[in-house]
Amino acid sequence: MNETSRLHQFLRDVRQRGLVRARDAREWGVASQELARLEKEGRLIRVGRGVYSHPEDIDWSVADLAVACQRVPNGVICLLSALRFHDIGTQNPLGIWIAVPRGAWRPVAGEERLHVVQLSGVGYQAGIEAHGTGAGEIRVYSAAKTIADCWKWRGKLGMETALEALRDALQQNKATASDILRYASVDRVANVMRPYLEALA
């Protein structure tokens with residue numbers, strides 16, 4: 001395979017995947033110098049440290065979340081970043097909130113400004129959704145699980161944030177009261193949330 005064909009197939013692979021890492025490029029025989037050249041020519045765009053996409057396919061509204069999911073293979077977008085993804089409330093967090101299993105590898109701080117939280121057992125596993133986007137796949141907690149998580153972490157996020165998320169999710173039909181309560185039981189905050197749910201629902 002000549003160089004032109006190899007690069008053409010590599011760029012086609014980038015379009016199919018949405019995002020590609022520098023180490024994936026090496027599997028195609030594309031060195032870092034070639035990545036830099038493709039970026040300079042406008043045939044690739046760098047969306048994060050060592051992560052590239054095709055310039056016509058990138059969805060900037062979720063690109064940072066997709067990059068975080070690439071960087072943390074078992075990570076799940078959560079809390080304030082999940083609220084943003086589901087378009088609930090008014091939070092626009094600095095950095096990205098991502099959950100990993102308790103005891104799992106945690107990424108070092110980088111340019112993506114990750115806020116890593118550790119969850120265990122069903123608290124980590126419940127409510128994970130996978131969304132294919134133009135920026136790559138995003139693993140994120142469902143709207144209902146996100147609301148429950150915000151209440152679990154209300155001491156860190158603030159009660160105002162938890163209340164706003166609950167109210168907006170119900171008003172916009174992003175989640176049902178029964179689904180929220182089910183995940184609240186998983187997070188062990190059902191008794192705390194129930195009076196507020198009953199008042200709003």
Side-chain angles (χ1 to χ4, degrees), residues 10 13-28 30 32 35 39 44-55 57-89 91-157 161-162 165 174 183 186-187:
F10 167 67
D13 190 48
V14 173
R15 295 202 76 164
Q16 288 174 346
R17 292 190 189 193
L19 292 175
V20 68
R21 295 170 294 183
R23 67 182 179 187
D24 300 323
R26 286 194 291 273
E27 292 176 10
W28 275 97
V30 178
S32 56
L35 283 175
E39 183 184 4
L44 281 181
I45 188 164
R46 183 175 176 270
V47 294
R49 187 174 61 187
V51 182
Y52 298 83
S53 182
H54 193 281
D57 297 334
I58 192 69
D59 181 352
W60 287 111
S61 67
V62 292
D64 55 345
L65 304 182
V67 169
C69 288
Q70 281 267 346
R71 192 170 162 221
V72 188
N74 58 358
V76 184
I77 301 302
C78 66
L79 297 171
L80 300 184
S81 295
L83 289 179
R84 190 190 98 192
F85 179 86
H86 292 296
D87 198 22
I88 296 170
Q91 298 299 313
N92 189 21
L94 292 174
I96 299 163
W97 291 80
I98 194 163
V100 298
R102 191 169 300 284
W105 170 81
R106 296 179 62 169
V108 296
E111 62 189 60
E112 290 89 0
R113 294 176 295 176
L114 298 179
H115 302 286
V116 181
V117 296
Q118 293 188 326
L119 302 176
S120 57
V122 69
Y124 165 77
Q125 297 165 0
I128 297 175
E129 299 177 345
H131 293 264
T133 72
E137 185 179 86
I138 294 174
R139 295 177 305 280
V140 61
Y141 286 115
S142 69
K145 173 66 159 56
T146 298
I147 303 308
D149 286 348
C150 286
W151 280 74
K152 179 178 180 177
W153 293 81
R154 65 193 182 281
K156 190 176 187 70
L157 305 180
T161 297
K174 295 287 178 76
Y183 288 115
V186 169
D187 283 346

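Note that the numbering runs from 1 along the sequence shown for the chain. These numbers come from a predicted model, not from an experiment.
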Only counting residues at least two apart or in another chain, list the ones meeting salt bridge (Lys or Arg N to Asp or Glu O under 4.0 Å) with Lys152. none
Between His86 and Ala144 (side chain of the first, backbone of the second, donor and acceptor by atom type, cut-off under 3.5 Å), is there such a pair? no
Measuring from atom CG of Leu114 to atom CG of Asp64, what distance do you get when rounded to the nearest 0.5 angstrom? 10.0 Å
Show your reasoning for whether side-chain contact (heavy atoms from CB on, under 4.5 Å) applies to Tyr141 and Ile128. CA-CA 5 Å; Tyr141 286 115; Ile128 297 175; 3.6 Å; yes
Does the side chain of Leu79 reach to within under 4.5 Å of the side chain of Val117, using non-hydrogen atoms? yes
Partners passing side chain to side chain contact (heavy atoms under 4.5 Å, CB included) against Asn74 (at least two apart in sequence or in another chain): Val72, Val100, Pro101, Ala104, Tyr124
If you look at every heavy atom in Ala148 and Asp187, which pair is closest and at what distance? C-OD2, 3.3 Å
Step-by-step side-chain contact (heavy atoms from CB on, under 4.5 Å) determination, Ser81 to Ile98: CA-CA 8 Å; Ser81 295; Ile98 194 163; over 6 Å; no
Ile88 and Ala143 have their tightest heavy-atom pair at CD1-CB, 3.9 Å
Heavy-atom pair of closest approach, residues Ile147 and Ala165: CD1-O, 3.4 Å
Find the distance between CG (Leu157) and CH2 (Trp97) and round it off to the nearest 0.5 Å. 5.5 Å
Heavy atoms of Trp153 and Gln118 approach each other most closely as CZ2-O, 4.5 Å
Taking all atoms of both residues into account, what is the closest heavy-atom pair of Leu35 and Leu44, and its distance? CD2-CD1, 3.6 Å
At what distance, to the nearest 0.5 angstrom, does CG of Leu80 lie from NE2 of His115? 8.0 Å
OG of Ser120 to CD of Gln125, rounded to nearest 0.5 Å, is 9.5 Å
Excluding sequence neighbours, so at least two apart, what forms ring pair (Phe, Tyr, Trp, His ring centres under 6.0 Å) with Phe85? His131
To check you understand the geometry: which heavy-atom pair defines the closest contact between Lys174 and Asp87, and what is its length? NZ-O, 3.2 Å
Got a donor-acceptor contact below 3.5 angstrom from the Arg139 side chain to the Cys69 backbone? yes
With side-chain contact (heavy atoms from CB on, under 4.5 Å) as the criterion, how do Ile138 and Ile77 come out once you've worked through the C-alpha distance, each side chain's angles and the decisive distance to 0.1 Å? CA-CA 8 Å; Ile138 294 174; Ile77 301 302; 4.0 Å; yes
Could you list the residues that satisfy side chain to side chain contact (heavy atoms under 4.5 Å, CB included) with Ala162, not counting sequence neighbours? Trp151, Arg154
